[in-house]
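Report on the structure given below.
In what follows, chains carry the letters A, B, and so on, assigned in the order in which the sequence lines appear, proteins first and then strands, with residues in each chain numbered from 1. In what follows, every heavy atom counts, from backbone to side chain, and hydrogens, waters and symmetry copies are set aside.
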Amino acid sequence: MALHEYRRYGRQMVLDGIGLSGQLKLKKSSVLVVGAGGLGCPAIQYLAAAGVGTLGIVDHDVVELSNLQRQILHSDTTIGLPKAESAKAASERLQPMIKVVSHACSLNAANARAILSKYDIILDCTDNLPTRYLLSDTAVLVGKPLVSGAALKFDGQLCVYNLGNTGPCYRCIFPKPPKRDGEGTCEEVGVLGVVTGVIGTLQAMEAIKIITGLRDEQPSLLIFSALSSPSFRTMKLRSRRPDCPGCGGDPSTRDRFVNEQDYVSFCGGEAPNLEETGKV
Amino acid sequence: MALHEYRRYGRQMVLDGIGLSGQLKLKKSSVLVVGAGGLGCPAIQYLAAAGVGTLGIVDHDVVELSNLQRQILHSDTTIGLPKAESAKAASERLQPMIKVVSHACSLNAANARAILSKYDIILDCTDNLPTRYLLSDTAVLVGKPLVSGAALKFDGQLCVYNLGNTGPCYRCIFPKPPKRDGEGTCEEVGVLGVVTGVIGTLQAMEAIKIITGLRDEQPSLLIFSALSSPSFRTMKLRSRRPDCPGCGGDPSTRDRFVNEQDYVSFCGGEAPNLEETGKV
Amino acid sequence: MTPPTPPENTSSKTLNLKLEFGGGMELLFSNKRSHRVSIPAHVPAPPPPTASASPATDRPDTPRPSDVNYLIHWMKENILTERVELFMEGDTVRPGILVMINDVDWELEGEGEYVLKDGDEVVFISTLHGG
Amino acid sequence: MTPPTPPENTSSKTLNLKLEFGGGMELLFSNKRSHRVSIPAHVPAPPPPTASASPATDRPDTPRPSDVNYLIHWMKENILTERVELFMEGDTVRPGILVMINDVDWELEGEGEYVLKDGDEVVFISTLHGG
Ligand SMILES: [Zn+2]
Ligand SMILES: [Zn+2]
């Protein structure tokens with residue numbers, strides 16, 4: 001490592017548990033952030049600042065004015081640009097020494113495996129249920145841990161799936177998707193920016209802990225509410241479910257499963273327009 | 001409010017508890033962030049994005065390469081500039097609609113009252129104990145809530161002082177400073193960037209809750225450790241101490257107290273150079 | 001004259017529970033995130049069989065201690081204020097709701113058959129998909 | 001032959017406690033953040049008075065239940081591995097250390113005089129000043 005890298009990362013290299021070997025692990029590692037919105041922006045920011053060597057950013061949306069209240073890598077000057085490009089430019093400004101790859105496309109059953117297989121760790125910073133199932137199934141397929149964040153209104157949730165040999169996948173915890181009537185998206189029912197900020201930053205933390213070997217493998221779900229006291233609760237989760245259609249059974253059938261699964265219809269079809277149905 | 005403001009803040013204005021009235025409260029409010037380092041940067045970022053009308057930034061340091069691992073408003077191109085100026089430029093890029101005032105000076109007993117009295121809420125994002133006592137005493141003097149964050153190594157802490165009529169001040173909880181031998185600063189013993197990110201973002205959240213009336217007045221201390229499970233704990237704290245030298249007794253003597261107090265010597269004198277004493 | 005103490009009757013006792021809601025579940029329960037409730041310690045006797053029901057039922061006469069399945073039923077009857085279809089599907093909670101008993105996933109505690117104890121805390125969290 | 005059950009002796013019982021350390025305190029205790037310890041339920045009898053001590057001491061003969069003051073003393077003797085001056089000042093914890101009993105500031109619980117119960121959790125947190 002070069003002297004300027006020692007200077008840049010000195011404040012974390014001095015930590016017990018990081019050191020030179022931890023910093024080198026970060027430098028050699030690659031993290032894919034799926035979604036460059038409210039969760040993805042702070043996650044990308046802190047992964048870049050910490051010196052993760054390669055960052056991939058997947059997002060098919062373009063920046064809109066209504067994003068700026070929480071998506072802190074975008075700005076008025078990048079409105080209309082693809083979020084993946086806007087986030088790449090912002091993270092390169094923050095950290096010129098790392099490699100940032102933008103994937104300005106939507107993730108689907110046809111391309112997910114090829115994209116995810118290039119990275120060591122996957123961050124689920126998406127805003128919809130079909131992509132959450134697709135990411136979980138594909139992370140199992142390529143054998144990568146999935147750091148999953150979610151946020152809505154004043155609430156947030158954080159969980160690491162498919163970690164180690166016994167960590168549950170998303171389907172182990174949620175075998176059946178709910179019917180499409182309970183919940184909207186952040187764009188529909190709103191979200192407080194700091195909630196996505198806290199959860200996205202914690203997603204970066206989990207990735208850094210996994211890379212440096214500081215994360216134990218106990219499955220747990222962190223639940224956050226800006227309005228509750230205490231604001232944070234940690235729940236102990238089950239381990240892998242032997243009969244899980246996502247991660248149990250015969251590995252050779254899993255690829256077929258991902259290709260054939262119609263994620264949108266599995267999750268109840270296209271999202272209804274809540275404004276039209278009068279729910280917002 | 002203008003149409004473009006409805007568009008920009010729509011995702012939080014739709015929330016129960018924010019709405020148009022909450023957004024107008026944010027717009028009319030002013031928050032002083034003392035310290036534009038690891039805690040101050042994410043706090044400024046989310047306060048600006050949420051539409052807090054006036055932000056003050058106090059910092060007398062200049063940006064150094066070793067800051068960039070966690071101080072995500074600064075970058076290689078602002079190395080050598082005052083942090084207050086660098087943070088002001090970054091927050092104006094993120095949010096051109098608010099007023100940002102930089103105070104590129106160090107806060108001391110002579111200027112603290114004049115600066116703090118201009119703002120509604122004070123964020124303690126500093127890195128040293130004398131300034132923490134000075135901020136608490138002055139926040140009591142001017143009657144403003146103090147949202148205090150701290151971080152070191154893998155640990156962080158968050159507390160709101162001087163809130164409402166019964167909230168404790170920093171001296172109520174810590175009447176005596178520790179002797180100068182237990183702890184170094186982030187620059188000396190290191191800190192993980194995501195730890196300052198989580199605590200600084202939560203400081204912004206507390207300020208937003210206070211401004212919009214969503215914060216109850218129960219005094220509590222949030223304790224975070226990136227390495228513990230659970231990572232977060234909330235501790236119930238005592239309320240105001242009637243015999244507290246900071247907030248108890250006769251309000252007319254408090255001004256004298258702040259002016260006469262020698263904060264550095266109260267906290268055990270100048271910080272020793274830990275590298276020279278062989279502790280790092 | 002002091003009235004005599006009523007005889008001990010286990011089925012009349014109650015359990016005090018703390019219920020917490022999150023992720024939007026609170027909207028179905030008076031928009032309150034935290035509820036303290038008292039429920040019967042034993043599942044009340046079923047209503048007497050109707051004429052059409054077989055008298056040779058094997059339903060036990062001894063009272064059964066209250067479990068989480070009964071709690072869910074009790075919540076529906078007593079504190080649910082909005083759309084039952086967002087809380088239940090069939091006899092249990094609907095998909096996408098996590099139930100936690102004293103901070104542990106109920107799947108590790110026997111799910112609905114977990115027998116409740118006085119002072120237990122049960123959390124109902126709707127999973128979020130937004131970001 | 002089964003040995004006879006020893007007579008009930010309250011002073012020989014122990015309390016099981018969970019101790020948690022944070023903010024750097026863990027460095028003084030084997031660098032472990034979480035400890036499970038068993039301490040005597042009652043403060044052991046003091047050592048016999050030396051010749052120079054007054055025999056007319058009013059120290060009670062009945063055993064006193066263990067409180068947090070005794071716990072701090074016990075920790076110093078049994079699990080503290082580094083520099084006592086970073087843990088104690090005089091007979092109590094040094095300034096800048098917060099003590100929390102079951103997630104409540106010990107000042108609300110009687111400070112050192114809080115009588116410990118089996119299963120209590122006591123947290124020692126060093127306040128941080130960095131940022
Ligand atoms: Zn699975
Ligand atoms: Zn006070």
Side-chain angles (χ1 to χ4, degrees), chain A residues 4 7-18 42 45-46 49-51 64-72 75-77 93-96 153-154 186-195 197-198 201-202 204-205 208-209 214 216 218 220 222 224 226-227 229-234 280, chain B residues 4 7-18 42 45-46 49-51 64-72 75-77 93-96 153-154 186-195 197-198 201-202 204-205 208-209 214 216 218 220 222 224 226-227 229-234 280:
Chain A
H4 64 93
R7 288 225 177 98
R8 183 183 277 267
Y9 302 119
R11 298 307 170 260
Q12 65 198 44
M13 290 176 66
V14 72
L15 294 171
D16 269 344
I18 306 274
Q45 190 172 50
Y46 281 99
E64 296 177 37
L65 178 56
S66 67
N67 303 147
L68 302 185
Q69 147 266 8
R70 67 191 184 284
Q71 303 184 15
I72 41 73
S75 66
D76 294 79
T77 58
R93 191 167 56 233
L94 179 68
Q95 166 60 287
K153 297 185 181 177
F154 296 99
C186 293
E187 291 297 318
E188 291 159 354
V189 300
V191 66
L192 198 65
V194 288
V195 174
V198 167
T201 306
L202 290 170
M205 178 189 82
I208 291 167
K209 284 169 63 182
L214 292 170
D216 68 31
Q218 172 65 49
S220 63
L222 181 75
F224 170 69
L227 299 185
S229 182
S231 289
F232 293 92
R233 300 180 72 120
T234 299
V280 172
Chain B
H4 64 94
R7 288 224 176 98
R8 182 182 277 267
Y9 302 119
R11 296 308 169 260
Q12 66 199 43
M13 290 176 66
V14 73
L15 295 172
D16 270 343
I18 305 274
Q45 189 172 51
Y46 281 99
E64 297 177 37
L65 178 56
S66 68
N67 303 148
L68 304 185
Q69 147 266 8
R70 67 191 184 284
Q71 303 185 15
I72 41 74
S75 67
D76 294 79
T77 58
R93 189 167 57 235
L94 178 70
Q95 167 59 288
K153 298 185 182 177
F154 296 100
C186 293
E187 292 296 318
E188 291 158 356
V189 300
V191 65
L192 198 65
V194 286
V195 173
V198 167
T201 305
L202 290 171
M205 178 189 82
I208 290 167
K209 283 169 64 182
L214 293 169
D216 68 32
Q218 172 65 47
S220 63
L222 181 75
F224 170 68
L227 299 184
S229 182
S231 289
F232 292 91
R233 300 181 71 119
T234 298
V280 173

### Message
At a 4.5 Å cut-off on heavy atoms, which part of A:Ala204 comes close to chain B: side chain, backbone, both, or neither?
### Response
both
### Message
On a heavy-atom basis, which atom in A:Ala226 and which in B:Met205 lie closest, and how many Å separate them?
### Response
CB-SD, 3.6 Å
### Task
Report the distance from atom CD1 of B:Ile72 to atom CD of A:Gln45, rounding to the nearest 0.5 Å.
4.0 Å
### Message
Looking at chain A, which one of B:Ser229, B:Gly17, B:Pro96 has the largest number of heavy-atom pairs inside 4.5 Å, strictly under?
### Response
B:Pro96
### Message
Within the 4.5 Å heavy-atom criterion, are B:Arg8 and A:Asp76 side-chain neighbours or not?
### Response
yes
### Query
Roughly how far, to the nearest 0.5 Å, is the CZ atom of A:Phe232 from the CG atom of B:Leu202?
4.5 Å
## Note on the structure
So, the part of B:Asp16 with a heavy atom under 4.5 Å from chain A: the answer is backbone
#### Entry: Minimal non-hydrogen separation, A:Val189 against B:Val14, with atom names
O-CG1, 3.4 Å
## Note on the structure
Here the pair of heavy atoms bringing B:Gly197 nearest to A:Tyr46 is CA-OH, 3.2 Å
### Summary
Assert top hit (heavy-atom pairs under 4.5 Å, partner chain A, pool B:Leu15, B:Leu214, B:Thr234) equals B:Leu15
### Straight-line distance of B:Gln69 CD to A:Leu94 CG, nearest 0.5 Å
11.0 Å
## Note on the structure
Ranked by heavy-atom pairs below 4.5 Å to chain A, first place among B:Leu192, B:Val198, B:Val191 goes to B:Val191
### Message
Using the side-chain contact (heavy atoms from CB on, under 4.5 Å) definition, which of the options A:Lys153, A:Arg70, A:Gln71 pairs with B:Arg11?
### Response
A:Arg70
### Task
Give, as side chain, backbone, both or neither, the part of B:Lys209 having an atom under 4.5 angstrom from any heavy atom of chain A.
side chain
